[in-house]
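Comments concern the structure below.
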2 protein chains.
Amino acid sequence: MAKSSITINDIARELNVAPSTVSRALNNSPKISDFTKQKIIEKAEKLGYNLNMVASSLSRSRTNTIGVVIPFLNNFFYSEVINGIEEIAYNKGYRILVAQTKDSFDKEKEILRTMSATRVDGVIACLSSETTTTDHLRSFSAGGIPMVLFDRVRFDFSCRKVVIDNYSAMQQSVSHLARSGYKNIAHLGGPSSCNIYSEHAKAFKDTLKKAGLPLLPQFHLSTNLTEEDIAEAVGIWLNAEIKPDAIITANSHAALVVSKLIREQKLSIPEEIALTSLTCEPALHFVEPQITSIELPGGDTGRTSMTYLLNEIEHGEQKNDTTIKPFQLIIRNSSFRNK
Amino acid sequence: MAKSSITINDIARELNVAPSTVSRALNNSPKISDFTKQKIIEKAEKLGYNLNMVASSLSRSRTNTIGVVIPFLNNFFYSEVINGIEEIAYNKGYRILVAQTKDSFDKEKEILRTMSATRVDGVIACLSSETTTTDHLRSFSAGGIPMVLFDRVRFDFSCRKVVIDNYSAMQQSVSHLARSGYKNIAHLGGPSSCNIYSEHAKAFKDTLKKAGLPLLPQFHLSTNLTEEDIAEAVGIWLNAEIKPDAIITANSHAALVVSKLIREQKLSIPEEIALTSLTCEPALHFVEPQITSIELPGGDTGRTSMTYLLNEIEHGEQKNDTTIKPFQLIIRNSSFRNK
DNA sequence: ACTATATGTGCAAGCGTTTGCATTATATTT
DNA sequence: AAATATAATGCAAACGCTTGCACATATAGT
């Protein structure tokens, strides 16, 4: 369908040189005289020549493309990660190809298959919440394409990983609430099949115990974090004899939903009930009161992941280590009482 | 760097057939017997064969890839559009390649250049807010690649366009406020170089006049919608002798910022001042009071754009018309007084 | 039996670049 | 001036797949 575009052969013919000379000239090879280069570049310009990357990729067997797979596009953390990746990638002459799994395992497999077919030079991925096995990762790797995993990873798959210190995030959140005098802390967690959430859960239990606070099983939930799950959990909590006086949510969206539900029940935050979130997004600053949260280093995670990937792509470096990124607990008005 | 992957030639050799037969079998050509197909598919499976899309693309001179260019990834509307595009694309065997301009004209040019080099089969784009010319679109089109523009478009470039009925959106917003008894309506608008915002501006003026309301120049602003711009405008408005009793913001982010600023000034929404937004995002439901807004048909916009693009790619259909998508004004608590 | 018609497979060119090696022209050394 | 190094360019194969055309069997029609 595309209008017949012009090729290096067209340029070569018009100038009575070999196509190889044109190719070298356009790639600024030192083997071509400045005079010839000049001539070729001008002619290319004039004819409106545009490199055919697919031919180039085939010939060089590299596409200079990095696949990025994330659960959702419309997510603050992931878009920060993408920005970080792009920043490094762009400077090194790579472009990125983003795809979202929508937290579906099947979509994740599908995406990896097509990225493999597309011959991306490497992949940076955050696994879907449904992912509990690694066969698809292994068969992807069988193609020899480097991969680095971030955030939601599987430790039973060998590759470099960049993760958040989820354990400490929960630990600090609980400690903060405990210091502020909250006693019945509830945790609205995510599916424990996912490393993030199981780390949260472990830290939650450990830290409560260390702080000498009770761990009521009904206050320690693992859900799929859908709006229904959240409404159900909060509904039960707020109508029980023993109510939580603080809630920690696995992510910022859950925190927003919870804050709304609490308001609807005419309970006040943070006086009657405190609220903190384990991830951040701008909306947390816009609700009243502003919600205490963990600020994740998205950009940094992206930059590090990309840097690791490049080391593997360009220097064949193969590692199986895990980099743990620090975070910041940002205390806002939702989590301490003005006594 | 990639482990030498296996090709159709490997399969052909092992089975003593021609590579062309393998190719046809794997593409399920009717010209190959079921027996042979079976044999080939099994062998391919066994060897872990994976189609090399770049070779295939070069050979067929089509990539089955659609480029999608948007200002920002992390935006509710655009991610809905992407979902709509994906939905159609996926079913037709196309994958999509998303890139963000971050509202930079230079980045937009750059992206179009590399998409052209990548030989995407078509492009769906929403122009950056900096874009005021169309030369880059023309030179892109010179490559013969179809394009459809959505949301932020330029009418001086010939192609199909899918836009929101921005004029009516503003018109209905103003009418709603007027009906609710607000008199001094202010408009926090975007840069008028962009079709969206100039349409808003025109509708704002027209509708005020029609409603017999005053149009105070200081209440009709065109800004770049940065947080600073917003803070400055609102600061002036709220401290003037004549304050607005209603504010219409160009987008949801501005609405959130404004709602926060109003709260900080201890003014009440909607009693002392009403607030409505011309775009929507989930955060608008989480703030108190919930903010009245225009719900844009993102998914629908994406699906329509993709459908148009496919018509052009697959049937050579060339049009230069504009499809205007309807929207819904969702009235929430920020814009009417409980008398 | 003897052309016509399917049916299944192979051959080889082509897609647009890149790149190792060969070749020629020019410059340097002895 | 001959021998050697250097610089600039061309040749041709390769990257892995697709596809029009030719070819060889097998089936059907008369």
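Lettering follows sequence order; numbering is per chain, from 1.
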Within the distance-only criterion (no hydrogens, no angle test), does the side chain of [X] pair as donor or acceptor with the backbone N or O of [Y] below 3.5 angstrom?
X	Y	value
A:Arg24	A:Ile32	no
A:Ser79	A:Phe76	yes
A:Asn75	A:Pro71	no

Over all strands shown, is [X] touching base, sugar-phosphate only, or nothing at heavy-atom distances under 4.0 angstrom?
X	result
A:Val17	sugar-phosphate
B:Tyr49	sugar-phosphate
A:Asp10	nothing

Which nucleotide wins on minimum distance to the side chain of [X], given the candidates [options]?
X	options	result
A:Thr36	C:dT9, D:dT9, C:dT19	D:dT9
B:Ile32	C:dT9, D:dT9, C:dG16	C:dT9
B:Ala18	D:dC17, C:dT17, C:dC11	C:dC11

**Study point:** Presence of donor-acceptor pair under 3.5 Å, side chain of B:Ser59 and base of C:dG14
**Key:** yes
Exercise for review: Please state whether the base of D:dG20 and the side chain of B:Arg24 form at least one donor-acceptor pair under 3.5 Å?
Suggested key: yes
Gap between atoms [atom1] and [atom2], on [X] and [N] respectively (whole Å):
X	N	atom1	atom2	result
B:Leu15	C:dG8	CG	P	17 Å
A:Ile11	D:dG10	CD1	P	14 Å
A:Met53	D:dC15	CE	C1'	16 Å
A:Ile8	D:dT9	CD1	P	15 Å
B:Leu58	C:dG14	CG	P	14 Å
A:Leu51	C:dG16	CG	P	12 Å
A:Lys31	D:dG10	NZ	C1'	12 Å
B:Asn52	D:dT18	CG	P	9 Å

OP1 or OP2 of [N] sitting under 4.0 Å from any side-chain N/O of [X]?
X	N	value
A:Ser57	C:dT17	no
B:Ser20	C:dG10	no
A:Asn27	C:dT18	yes
B:Ser56	D:dT18	yes
B:Ser33	C:dT9	yes
A:Thr21	D:dG10	yes

Review point. Out of curiosity, A:Lys43 NZ to A:Gln38 CD, how far, rounded to the nearest 0.5 Å?
Key: 13.0 Å
**Study point:** Name of the residue among A:Met115, A:Gln100, A:Lys107 meeting side-chain contact (heavy atoms from CB on, under 4.5 Å) with A:Val69
**Key:** A:Met115
Check your understanding: Which residue, A:Ala55 or B:Val22, contacts DNA chain C at a nucleotide closer to its 5' end, judged by nearest heavy atom?
Key -> B:Val22
Check your understanding: Side chains of A:His136 and A:Phe140: closer than 4.5 Å at any heavy-atom pair?
Key -> no
